[in-house]
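Here the structure comes first, spelled out in structure tokens, and everything after it is commentary.
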Amino acid sequence: RSNLYTAGWSKNGRTGCKEQDIQQLKKLTNPQIENKEFKFITATKMSAAAITNEGELFTWGSNTKGQLGHGHFNDVNEPTLVKFFEEEWEVIEISMQVEFSIVLARNKKTGKNEVFVMGDNVGGKLGVSLSGVKTEKKDTFSKPIMNTFFNDKEPIKIFSGPRGTIIMCKVKPFELIRDYHNEKCHKCNLNIIGNLIYNLENNFMFCQKCSDQDNLDNNVLVVKAPM
């Protein structure tokens with residue numbers, strides 16, 4: 001078990017205690033987090049979040065833009081479970097700013113990572129479009145919304161700044177499911193027969209002959225010819 005301690009100015013619930021000000025560190029005793037083991041904590045000047053070893057996400061503090069993900073815009077004065085993720089998702093990481101949050105979570109059934117956003121989207125800083133999405137307040141999400149841009153990608157790290165976000169994805173440079181057909185060599189423009197040489201720097205494909213001539217032995221992926 002791990003304990004959370006807090007201190008400071010409690011306006012908007014940012015310390016997770018109902019007291020107005022905490023002059024010395026105080027243990028958070030909310031029943032929701034009792035007996036929980038936490039692996040990650042983070043905070044802004046207005047709010048905070050914690051993730052348990054089981055992938056549960058708790059948030060608290062200022063919530064004027066819905067950035068805590070609870071489906072409303074009321075401040076939250078103690079650590080509260082974000083129920084959206086409870087059933088299907090294991091939360092890996094959260095990156096918080098004063099008015100928005102980015103969450104990286106893994107689907108419990110498929111094992112695939114997805115990116116979720118909540119809070120203020122003015123200027124497009126969440127990286128999602130509001131087209132066709134009904135929101136209680138203009139340019140805001142009070143519940144986590146999946147960023148569908150990453151549906152065919154593998155996000156592995158998230159980061160946010162006051163005006164934007166950045167996501168790191170794992171790259172699969174070339175996938176050969178069964179075999180390849182009618183792929184042309186970038187140099188000789190002939191259909192590739194035999195091994196296919198994939199250049200990871202520029203995404204060009206070469207036949208074995210042209211690869212040997214150009215000494216393409218660094219930063220390449222050799223795809224064996226189909227049997």
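In this structure, T140 OG1 and L126 CG are separated by 9.5 Å, a value rounded to the nearest 0.5 Å. Interatomic distance, SG of C188 versus NZ of K209, reported as 8.0 Å (0.5 Å rounding). Of the inter-residue distances, the one linking E34 atom CD with N3 atom CG reads 9.5 Å to the nearest 0.5 angstrom. Going from atom CD1 of I167 over to atom CZ of F159 covers 11.0 Å, rounded to the nearest 0.5 Å. Atom CZ of F58 and atom CG of N30 lie 8.0 Å apart (nearest 0.5 Å). With values rounded to the nearest 0.5 angstrom, I41 atom CD1 is found 6.5 Å from L4 atom CG.
Taking both residues in full, the closest heavy atoms of N113 and P155 are given as ND2-O, 3.0 Å, listed atom of the first, atom of the second, then distance. In terms of heavy atoms, G16 sits closest to P79 at O-CD, 3.7 Å. Between V122 and K125, the shortest heavy-atom contact is O-NZ, 3.0 Å. Counting all heavy atoms, side chain and backbone alike, S10 lies closest to T15 at OG-OG1, 2.5 Å. When all heavy atoms of H72 and N74 are compared, the pair lying nearest together is ND1-N, 3.0 Å.
Atom NZ of K153 sits in a crowded spot, with more than 12 heavy atoms from other residues, nucleotides or ligands closer than 6.0 Å. More than 12 heavy atoms of other residues, nucleotides or ligands sit less than 6.0 Å from atom NZ of K112. The neighbour count for K157 NZ, taken as heavy atoms of other residues, nucleotides or ligands under 6.0 Å away, does not exceed 12. In this structure, I156 places its CD1 atom where more than 12 heavy-atom neighbours from other residues, nucleotides or ligands lie under 6.0 Å away. Counting heavy atoms of neighbouring residues, nucleotides and ligands inside a 6.0 Å radius, atom NZ of K39 exceeds 12 of them.
Hydrophobic cluster membership is shared by F150 and I145, with clusters built from Ile, Leu, Val, Met, Phe, Trp and Tyr side chains linked at under 4.5 angstrom. Linking Ile, Leu, Val, Met, Phe, Trp and Tyr residues whenever their side-chain heavy atoms come within less than 4.5 Å leaves M46 and L57 in two separate clusters. F141 and L68 are not part of a single hydrophobic cluster, where members link through side-chain heavy atoms under 4.5 Å apart. M96 and I92 end up in different hydrophobic clusters when Ile, Leu, Val, Met, Phe, Trp and Tyr side chains are linked at under 4.5 Å. No chain of hydrophobic side-chain contacts below 4.5 Å, direct or via other Ile, Leu, Val, Met, Phe, Trp or Tyr residues, connects I94 to V117.
Listed for the D120 side chain is no donor-acceptor partner under 3.5 Å among the backbone atoms of K65. Judged by distance alone, the side chain of T44 and the main-chain N or O of S47 form a donor-acceptor pair under 3.5 Å. N63 places a side-chain N or O within donor-acceptor distance of the main-chain N or O of Q67, the cut-off being under 3.5 Å. Judged by distance alone, with hydrogens and angles left aside, the side-chain atoms of T52 form no donor-acceptor pair with the main-chain N or O of A50 at under 3.5 Å. Here the side chain of S62 pairs no donor or acceptor atom with the backbone of N12 at under 3.5 angstrom.
With contacts defined as side-chain heavy-atom distances shorter than 4.5 Å, the pair H186/M205 does not qualify. In this structure, L28 and E78 have side chains that are not in contact, with every pair of non-hydrogen atoms separated by 4.5 Å or more. Using a 4.5 Å heavy-atom threshold, the side chains of P144 and M118 count as touching. Contact of the V128 side chain with the N121 side chain is registered, since non-hydrogen atoms from C-beta on lie closer than 4.5 Å. Using a 4.5 Å cut-off on side-chain heavy atoms (C-beta onward), N151 and E114 make contact. Looking only at side-chain heavy atoms (C-beta outward), W60 and T80 stay at 4.5 Å or farther from each other. Contact check for L190 versus C207: no side-chain heavy atoms found under the 4.5 Å cut-off.
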Could you walk me through whether I192 and K184 pass side chain to side chain contact (heavy atoms under 4.5 Å, CB included), step by step? CA-CA 6 Å; I192 297 174; K184 291 185 180 298; 5.8 Å; no
Carefully, step by step, assess V103 and V115 under the rule side chain to side chain contact (heavy atoms under 4.5 Å, CB included). CA-CA 6 Å; V103 174; V115 175; over 6 Å; no
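Residues passing the side chain to side chain contact (heavy atoms under 4.5 Å, CB included) test with E86, sequence neighbours excluded: L81, K83.
Applying the ring-ring contact (aromatic ring centres under 6.0 Å, His included) test to every pair with at least one member in residues 94-122, sequence neighbours left out, gives these pairs: F84-F116, F85-F116, W89-F116.
For the pair E90 and R106, the salt-bridge criterion is met [side-chain N within less than 4.0 Å of a carboxylate O].
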